[in-house]
Structure formats: structure tokens, C-alpha cells
Amino acid sequence: MEAPLQTEMVELVPNGKHSEGLLPAPTPMAGHQRVEGPRRSCVEGEGFLQKSPSKEQHFTDFEGKTSFGMSVFNLSNAIMGSGILGLAYAMANTGIILFLFLLTAVALLSSYSIHLLLKSSGIVGIRAYEQLGYRAFGTPGKLAAALAITLQNIGAMSSYLYIIKSELPLVIQTFLNLEEQTSDWYMNGNYLVILVSITVILPLALMRQLGYLGYSSGFSLSCMVFFLIAVIYKKFHVPCPLPLNFANITGNVSLIEVTKEEAQLQVETEATALCTPSYFTLNSQTAYTIPIMAFAFVCHPEVLPIYTELKDPSKKKMQHISNLSIAVMYVMYFLAALFGYLTFYDGVESELLHTYSKVDPFDVLILCVRVAVLTAVTLTVPIVLFPVRRAIQQMLFKNQEFNWLRHTLIAIGLLTCINLLVIFAPNILGIFGVIGATSAPCLIFIFPAIFYFRIMPTEKEPAKSTPKILALCFAVLGLLLMTMSLSFIIIDWVSGTDRHGGSH
Ligand SMILES: NC(=O)C[C@H](N)C(=O)O
């Protein structure tokens with residue numbers, strides 16, 4: 001078994017399970033640096049673990065500089081992504097009450113899982129998800145965590161770039177007031193994705209620290225707030241049923257031989273039925289709700305990198321940041337889902353923005369909303385890319401000093417792969433439904449729980465102590481959810497009723 005990263009171990013508390021050979025006596029470090037970020041040696045863990053008597057001892061050559069507010073922006077931006085566009089659809093398949101219940105549960109569980117991650121990292125003095133995996137299960141643990149982070153975040157980034165590919169040409173078409181799409185290059189989604197990747201995403205992705213992205217994250221969030229306001233506004237301005245649906249109803253009724261009054265009554269009853277909210281629904285699509293919500297709340301790969309860069313870090317402060325971000329996103333998610341649902345009811349599609357196109361594809365407000373969502377997801381890509389680069393560095397170049405060339409090449413390599421995926425294999429994005437159903441439960445439920453169980457020393461918390469039993473139940477819950485989502489997706493595929501598509 002390889003030696004753990006000495007650089008990140010300062011106070012090693014054996015967990016009493018597998019420490020032999022894995023946890024050599026801590027030695028003060030020289031030479032080895034963390035793979036990511038500026039030069040930092042053992043001091044990071046020191047400051048992190050102990051209440052240091054002086055600030056100098058807290059962090060010497062690397063001191064987190066990101067403020068509380070900027071960290072909230074970054075974490076909220078990591079949470080918020082394409083997931084929000086699928087929530088109205090989820091509500092249409094659960095009803096308002098069941099949706100609220102599930103959303104609350106996923107938000108609370110998400111926060112609890114961050115608590116487990118922070119507690120585990122506090123024990124070992126490591127603020128890297130992969131290194132927690134390593135400490136808990138050696139190399140397989142580290143690889144499993146790095147793989148889940150890579151798959152989850154590449155899936156998320158592909159879904160963001162896919163939104164750019166499909167929505168940006170429409171935005172340009174509307175701006176140019178063109179009735180139909182032309183064959184010009186600026187109407188071609190593929191070229192536009194490459195252009196946005198090079199001009200906006202790459203420069204931001206090259207930032208050495210996440211903290212620098214605080215401003216772009218703040219801007220991205222304000223775009224999403226605008227999206228939310230527009231969704232609420234539209235609820236009161238889009239007729240229900242939509243003229244198209246209304247024509248269908250009247251068409252159906254006129255086929256049947258009835259008197260004029262009866263026909264009128266029937267049309268009205270059907271229209272009312274189409275436009276009445278449901279509070280509790282169960283159907284074949286309900287099974288997708290948890291994976292959609294789990295995907296929407298994933299931010300776990302970003303939590304520890306954000307913690308690393310936090311000014312005057314403490315577990316409590318980071319938990320506050322996480323709780324605040326989750327709470328704000330919870331409210332935004334609920335409102336977006338509720339008003340999106342109350343606008344189209346059962347007619348809402350798995351991607352909310354598409355549904356608005358049915359009303360009027362050239363509506364100015366919807367055009368602005370598109371631009372806002374495009375901006376928001378574009379600015380989220382660099383945040384989500386950060387942990388993937390870190391995972392790759394941890395897997396392939398561990399113990400090596402920061403190197404600009406490597407840093408840049410990994411970012412370019414990742415962006416190129418995602419661009420190629422989105423351009424040449426958009427259908428493959430359906431595969432990310434499966435990945436989302438596997439990696440999201442792993443990152444939120446299973447890994448934090450089992451890592452915690454292994455890392456927390458038995459002298460501190462025996463295996464039968466309440467926190468450990470809770471953690472185990474949490475892992476079992478994650479396993480159940482994973483099995484459930486996977487089996488429903490497979491059943492859907494086999495029976496050919498996959499309405500969900502996309503990657504959220
Ligand atoms: N960061 C992620 O993995 C996904 C994000 N929570 C989203 O909703 O798009």
C-alpha cells in the first residue's frame with residue numbers, strides 16, 4: 001500500500017481499524033506539497049486541526065483568503081446548475097406536498113453529509129475528498145472517490161455545455177429577429193459551445209484558486225435569481241391551458257356528437273382538470289424525483305476545496321456556509337419548481353426552459369431568461385471543473401508541486417473532452433442519467449458515511465455509538481436509493497418509456 005500524503009497529515013488519529021502500514025508516524029514535512037494550490041506544507045493541517053495559539057502557526061505559506069460571503073457564493077454556485085430546470089417536472093410527478101417533503105429531506109440529508117465530511121476531515125487533517133477515501137480504505141477508497149467526483153462533475157459540465165449548445169443559437173436567432181435558423185456559423189450550436197469554452201470558461205478555469213471565482217459565482221447566482229423572478233412572473237401571464245392544448249381539447253370534444261352546451265361544459269371540465277394542481281401524485285416518472293433532487297443538491301466535491309481556501313477556517317464556520325447555501329438553494333429550488341409547475345401543470349417538460357418555447361419562442365422575457373440561465377451555467381463550469389482537476393492530480397501526479405503547465409493542460413484536456421462529448425455524442429448524455437443515479441448517491445450518502453465510519457477512531461466513537469450507527473443507516477439509505485433509481489431507469493429503458501432524457 002502506498003504511503004498516504006504526508007503533507008496533509010499532521011495529527012494522525014488511528015481509527016483502530018486499518019492504521020497499520022497506512023498511518024506511519026507523522027513526520028514534519030519538507031519537500032512534499034499538496035498537489036493543488038500554492039505551496040503549503042504540513043502547516044495547513046496544523047492550523048486546521050488545532051486551535052493554533054498564533055495566527056502565524058495557523059497557516060504559514062498558505063493562508064486561506066476567501067471570505068465567508070464569497071465562500072457562500074461559490075458553494076451556492078456549485079449547488080445551482082442544470083438541476084433547477086428539472087425540478088418543475090419532478091413536482092408534476094410527485095404533487096406539491098410530496099415534492100416539498102422530498103426536497104426538504106434531500107436538503108437536510110445533504111447538509112448532514114457535509115457534516116460527516118467535515119468531521120472526518122477534522123479527524124485526519126485532510127481537506128480533500130479523495131484523501132478521506134484513502135485514509136478510510138487505502139488506494140481503492142481514493143480511486144473510488146476520485147472516479148465518482150470525475151464522473152459526476154463531467155456529467156454536470158456536459159449538461160451545462162449542452163444547454164449552451166441548444167439554447168444559444170435560439171437566443172441569437174431571436175436577437176437577430178430571424179424567422180428561421182440560417183446556416184451561418186454563429187447559428188451553429190457546436191461552434192458556439194467551442195467559442196464560449198475558449199473565451200469564457202477556459203480563462204476562469206485557469207484560476208489557481210477557487211476563491212477568485214467568488215465574483216463570477218455571485219453574478220451567476222444573480223442570473224438565477226432573475227430566472228426565478230421570471231418564472232414567478234410568467235405564472236401569472238401564461239394562460240392555462242395553453243392555446244395549443246385548448247385547441248386539442250375542443251378538437252376532441254367536437255369529434256363526439258354532443259349538443260353545444262354539453263360540448264362547452266366538457267371543454268371547461270377538461271380545461272379545469274388540466275389546470276388544477278395536484279398535491280400528491282404517484283406515477284411511473286415519480287421514481288426520477290430523488291435522482292433529480294440528489295443531482296440538484298450535489299456540491300460535495302466542492303465543499304472541501306472551498307474549506308481549504310476559507311479565511312480563518314473552522315468546522316463550524318464551514319458548516320454554516322454549507323447550511324446557508326443549501327437553505328438559499330432550497331428556497332430557490334422550491335419556488336422555481338412550484339411556479340414552473342403552476343404555469344404548465346402536467347404539461348411541464350423535463351427541461352423547464354423548453355416548455356416556455358411552446359408559449360412563444362420569441363418572447364423577450366423568455367429570451368432574457370435564456371440568456372440568464374446560459375450565463376449562470378457557463379459561470380458554474382469552472383467551479384465544477386476545479387475538483388475534477390484536483391482528483392486527476394491526486395490520482396496521477398500526487399506529491400508533486402504546483403505546476404502551471406500541468407494545471408493549464410488538465411483544464412484544456414478536460415474542456416476538450418467535454419466539448420467533444422457534447423458535439424459528437426449528445427445522445428450519450430442519457431448515460432449520465434445512469435451516472436447521476438450512481439455517483440450522486442455515492443458522493444452524498446455512501447462515501448461520507450462509510451469514510452466517517454472508518455476514519456472516526458473507535459476510542460472516540462465506538463462502532464455502536466449513535467453517530468456511527470446513524471452514519472451506517474445513511475450509507476444504507478444511499479445504497480437503497482441508488483438501487484432504486486438504477487432499477488427504475490433500466491425498467492424505463494427496457495419498456496422504452498424514457499421521457500426523462502438529458503442528464504439531470
Ligand atoms: N454540481 C453538480 O454536480 C450538479 C449541480 N448540483 C446541478 O444542479 O447542476
Side-chain angles (χ1 to χ4, degrees), residues 73-90 103 106-107 109-111 113-114 117 129 145-164 167 201 205 210 213 217 220-221 223-224 227-228 288-306 322 325-334 336-337 340 350-353 373-391 414 418 422 429 432-445 447-448 500 502-504:
F73 281 163
N74 274 337
L75 194 58
S76 307
N77 195 19
I79 301 177
M80 175 81 79
S82 55
I84 195 170
L85 301 175
L87 291 174
Y89 176 73
L103 191 76
V106 176
L109 293 176
S110 207
S111 161
S113 122
I114 293 179
L117 282 178
Y129 207 133
L147 200 71
I149 290 176
T150 309
L151 289 180
Q152 166 69 28
N153 286 16
I154 287 191
M157 286 188 283
S158 312
S159 76
Y160 303 159
L161 291 197
Y162 192 73
I163 294 178
I164 298 175
E167 300 287 337
I201 300 175
L210 262 178
L213 297 174
S217 292
S220 165
L221 286 178
C223 288
M224 279 304 195
F227 160 78
L228 178 61
Y288 279 118
T289 309
I290 302 256
I292 294 176
M293 285 179 181
F295 180 88
F297 276 106
V298 177
C299 61
H300 301 68
E302 289 82 13
V303 170
L304 296 178
I306 291 175
S322 313
S325 309
I326 290 178
V328 173
M329 288 310 117
Y330 168 78
V331 174
M332 285 184 70
Y333 280 172
F334 179 65
S350 64
E351 210 266 49
L352 185 59
L353 276 184
V373 171
L374 282 175
T375 315
V377 294
T378 305
L379 296 178
T380 304
V381 178
I383 297 266
V384 176
L385 186 132
F386 200 89
V388 186
R389 177 170 46 206
R390 195 160 145 160
L414 277 173
I418 300 162
V422 169
L429 293 188
F432 285 117
V434 181
I435 291 174
T438 337
S439 53
C442 280
L443 290 171
I444 302 187
F445 301 97
F447 290 168
H500 181 61
S503 56
H504 52 259

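The shown structure was predicted, so the numbers you read here are calculated from the model rather than taken from an experiment. First listed ligand is number 1; within each ligand, the first listed atom is number 1.
- Counting only heavy atoms of the protein, atom 2 (C) of ligand 1 lies nearest to V298 O, 3.5 Å.
- Judged by distance alone, with hydrogens and angles left aside, the side-chain atoms of S113 form a donor-acceptor pair with the main-chain N or O of I444 at under 3.5 Å.
- For T378, there are no side chain to side chain donor-acceptor pair (under 3.5 Å) partners at least two apart in sequence or on another chain.
- Residue contacts with ligand 1 include A78, since one or more of its heavy atoms lies under 4.0 Å from the ligand.
- The distance criterion of under 3.5 Å between nitrogen or oxygen atoms is met by F295 with respect to ligand 1.
- The protein atom (non-hydrogen) at minimum distance from atom 9 (O) of ligand 1 is Y160 OH, 2.6 Å.
- Atoms of ligand 1 lying under 4.0 Å from at least one heavy atom of G83, given by number and element, are 7 (C), 8 (O), 9 (O).
- Taking F447 as the reference, F451 meet the ring pair (Phe, Tyr, Trp, His ring centres under 6.0 Å) condition, with sequence neighbours excluded.
- On a distance-only criterion, I84 and ligand 1 share no N/O pair closer than 3.5 Å.
- Aromatic pair F297/Y330: centroids not less than 6.0 angstrom apart.
- For atom 5 (C) of ligand 1, the closest heavy atom belonging to the protein is I79 O, 3.1 Å.
- The two residues T150 and A391 make their nearest non-hydrogen contact at OG1-CB, 4.0 Å.
- Among all protein heavy atoms, the one lying closest to atom 3 (O) of ligand 1 is Q152 NE2, 2.9 Å.
- The two residues L228 and A336 have their closest heavy-atom pair at CD1-N, 3.4 Å.
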